[in-house]
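Let me give you the structure first, and then I'll get to my questions.
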Amino acid sequence: MGVRRPYRQRRVHAAGPGRTAGLGEAEFLDGVALGQTMPGPLAAQFVMWVGFLRKGWAGALATAATFIAPSFLLVLAVAVIYARYSGLAMVQSLFYGIAPAVMAIIAIAAWKLARLTNRRDTRLWVISAVLAVVTAVSGAEIAVLFIAAGLLMIALDGPPRWLRRSGQAGLLPAAALARAAAPWLVVTASAGVLVSLGLFFLKAGAFIFGSGLAIVPFLREGVVVQHHWLTSRQFIDAVAMGLITPGPVVITATFIGYLVAGLPGALVATAAIFIPIYLGVTVSGRWFIRHRDHPQIKAFVKGATAVAAGAIAGAVVVLGRQIIIDVPTTAIALFSLGLLLWRKIPEPVLVALGAVAGILIH
């Protein structure tokens, strides 16, 4: 195992770009590394890490609450308005234009994540491509494949000694581990809506590898296909709200939770999706920092992130078939894609332009 770096004594007293006042440079770098290694949005992990260093689990909870609360309240307000007025022609026109713009954003996110993670590693590109095809054809994201791909990359890049000795036969225990994990990735709907929401978003929070948008195919599978809580159109609208409001994209959970079960649903879904991230920082954060350069940790993260990129790409195909249905929506999607590639226009601005286009066309 790796040896933990000693913290440097020099401290950052003034908050410069991307740094926090009074935070040691090594602590700052450790926080960034934690966010890049563990599941969850980097910004949320970093603020929890800062609170954890200062006041332990209570500090992490306090910084998490203050970080999440503004986004939660804003998305909650939008969800209330949406639930009341979504049937109006004006609102339908807005989201007629927003949805294809969001599809372009998700497509670019998949490409950027794959390029950043896979680079020139053919094996990772193959994993991403396979997952993209599987998701596009089946219309579902298979969560256990995150674990399976991570274990595969461990076997290839950082095999333990027993695996190096046993050769290919050593892949069987890895497959057994993946099968053993599968029952824990299933959420039953018989325990009540709030319990089902909580269990589902707990699971979702543990599979945010590489990008907040990595949970889009995962959420769609549970919210639209398995539980039938939302329609595909409502789901895309929820993702759009997560993109245009300040804060991490996973705040989409608030919007979905409210549409499913009102204010209690919003509270449960939001808390549940951030609990795995919080526990990752407070329970295993120091362990991850200490072993972040270990070949097996790096290999698992690479494999899981490659799966995420492929799943996002596959979800674009699945959702696109239901969103891009005519010439105007095709034109909006292609124009949005061109803007993102050409000008790198901010996502909220692009969504707003899509809304304007929807009103003018629809």
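Reckoned from all heavy atoms, side chains included, excluding hydrogens, waters and symmetry mates.
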Could you see if Leu360 belongs to whatever hydrophobic cluster contains Val349? Use Ile, Leu, Val, Met, Phe, Trp, Tyr and a side-chain cutoff under 4.5 Å.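 Hydrophobic grouping puts Leu360 apart from Val349.
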Leu353, Ile359: one ILVMFWY side-chain cluster at the under-4.5 Å cut-off?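 Same hydrophobic cluster.
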Where Ala253 and Phe201 come nearest, the two heavy atoms and their spacing: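 Scanning both residues, the minimum pair turns out to be CB-CE2, 3.5 Å.
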Would you say Ile345 ends up clustered with Met103 if hydrophobic residues are merged whenever their side chains have heavy atoms under 4.5 Å apart, either directly or through other cluster members?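 Yes.
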Can you list, pair by pair, the side-chain donor-acceptor contacts under 3.5 Å of residues 260-278, counting residues two or more places apart and other chains?
from, atom 1, to, atom 2, distance (Å)
Thr270, OG1, Thr254, OG1, 2.5
Thr270, OG1, Ala266, O, 2.7
Tyr278, OH, Trp57, O, 2.7

Are Phe235 and Ile325 connected into the same hydrophobic cluster when the rule is that any two of I, L, V, M, F, W, Y join if their side-chain heavy atoms are below 4.5 Å apart?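 Per the 4.5 Å side-chain linkage, Ile325 and Phe235 are not co-clustered.
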Would Leu319 and Arg220 count as a side chain to side chain contact (heavy atoms under 4.5 Å, CB included) if you check the C-alpha gap in whole Å, the side-chain angles of each, and the deciding distance to 0.1 Å? CA-CA 9 Å; Leu319 294 170; Arg220 179 194 171 277; 3.3 Å; yes
Parallel under 30°, tilted from 30 to 60°, perpendicular over 60°: which one fits the rings of Trp49 and Phe52?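 Taking Phe52 first and then Trp49, their aromatic rings sit tilted (interplane angle of 30° to 60°).
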Who else is in Val327's hydrophobic cluster (ILVMFWY, side-chain heavy atoms under 4.5 Å, direct or via others)?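 So far as hydrophobic clustering goes, Val327 is joined with none.
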So which atom in Ala149 and which in Ile127 form the shortest heavy-atom distance, rounded to 0.1 Å? CB-CG2, 4.2 Å
Spell out, as yes or no, whether a donor-acceptor pair under 3.5 Å connects the side chain of His228 to the backbone of Val224.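 Yes: the side chain of His228 pairs with the backbone of Val224.
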Going by the salt bridge (Lys or Arg N to Asp or Glu O under 4.0 Å) test, which pairs reach into residues 117-126, not counting sequence neighbours? Asp121-Arg123, Arg123-Asp157
Sequence neighbours excluded, which residues qualify as ring-ring contact (aromatic ring centres under 6.0 Å, His included) partners of Tyr258?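 Tyr258 satisfies ring-ring contact (aromatic ring centres under 6.0 Å, His included) with no other residue.
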Of all residues at least two apart in sequence or in a different chain, which pass the side-chain contact (heavy atoms from CB on, under 4.5 Å) check with Leu341?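 Leu341 satisfies side-chain contact (heavy atoms from CB on, under 4.5 Å) with Ile108, Leu337 once adjacent residues are dropped.
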Partners of Val133 by side-chain contact (heavy atoms from CB on, under 4.5 Å), sequence neighbours excluded?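 Applying side-chain contact (heavy atoms from CB on, under 4.5 Å) to Val133 gives Val137.
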Give the table of side-chain donor-acceptor pairs shorter than 3.5 Å for residues 67-79, with sequence neighbours excluded, one pair per line with atom names and distance.
from, atom 1, to, atom 2, distance (Å)
Ser71, OG, Pro246, O, 2.4

List for me each residue that meets side-chain contact (heavy atoms from CB on, under 4.5 Å) alongside Val351, sequence neighbours excluded, and say none if there are none. Ile98, Val102, Ile105, Ile244
Could you tell me which residues satisfy ring-ring contact (aromatic ring centres under 6.0 Å, His included) with Phe95, sequence neighbours excluded, listed by chain and number? Tyr82
When you compare the side chain of Leu124 with that of Met153, does any pair of heavy atoms fall below 4.5 Å?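 Yes, their side chains come closer than 4.5 Å.
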OG1 of Thr63 to CG of Leu61, rounded to nearest 0.5 Å, is 8.0 Å
What is the distance from atom CE of Met241 to atom CG of Leu259, rounded to the nearest 0.5 Å? 10.5 Å
I need the minimum non-hydrogen distance between Ala136 and Arg321, along with the two atoms involved. O-NH2, 3.3 Å
Determine the minimum heavy-atom distance between Ala306 and Asn118, stating which atoms define it. CB-OD1, 3.6 Å
In the hydrophobic cluster built from side-chain contacts under 4.5 Å, what are the other members alongside Trp111?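 Traced through the cluster, Trp111 reaches Trp125.
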Shortest non-hydrogen contact from Ala313 toward Ala110: N-CB, 3.7 Å
Shortest non-hydrogen contact from Ala104 toward Ser336: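 Minimum heavy-atom contact is CB-CB, 3.6 Å.
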Residues two or more places apart in sequence or in another chain: which of them pass side-chain contact (heavy atoms from CB on, under 4.5 Å) with Val126? Thr122, Val130
Could you state whether Val193 and Ile256 fall into the same hydrophobic cluster, counting links through intermediate Ile, Leu, Val, Met, Phe, Trp or Tyr residues with side-chain heavy atoms under 4.5 angstrom apart?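 Looking at the clustering, Ile256 is in the same group as Val193.
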Please check: side-chain N/O of Thr135 versus main-chain N/O of Ala132, any donor-acceptor pairing under 3.5 Å?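 No: the side chain of Thr135 does not pair with the backbone of Ala132.
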Under a single-linkage rule joining Ile, Leu, Val, Met, Phe, Trp and Tyr whose side-chain heavy atoms are separated by less than 4.5 Å, which residues share a cluster with Ile332? Tyr96, Ile361
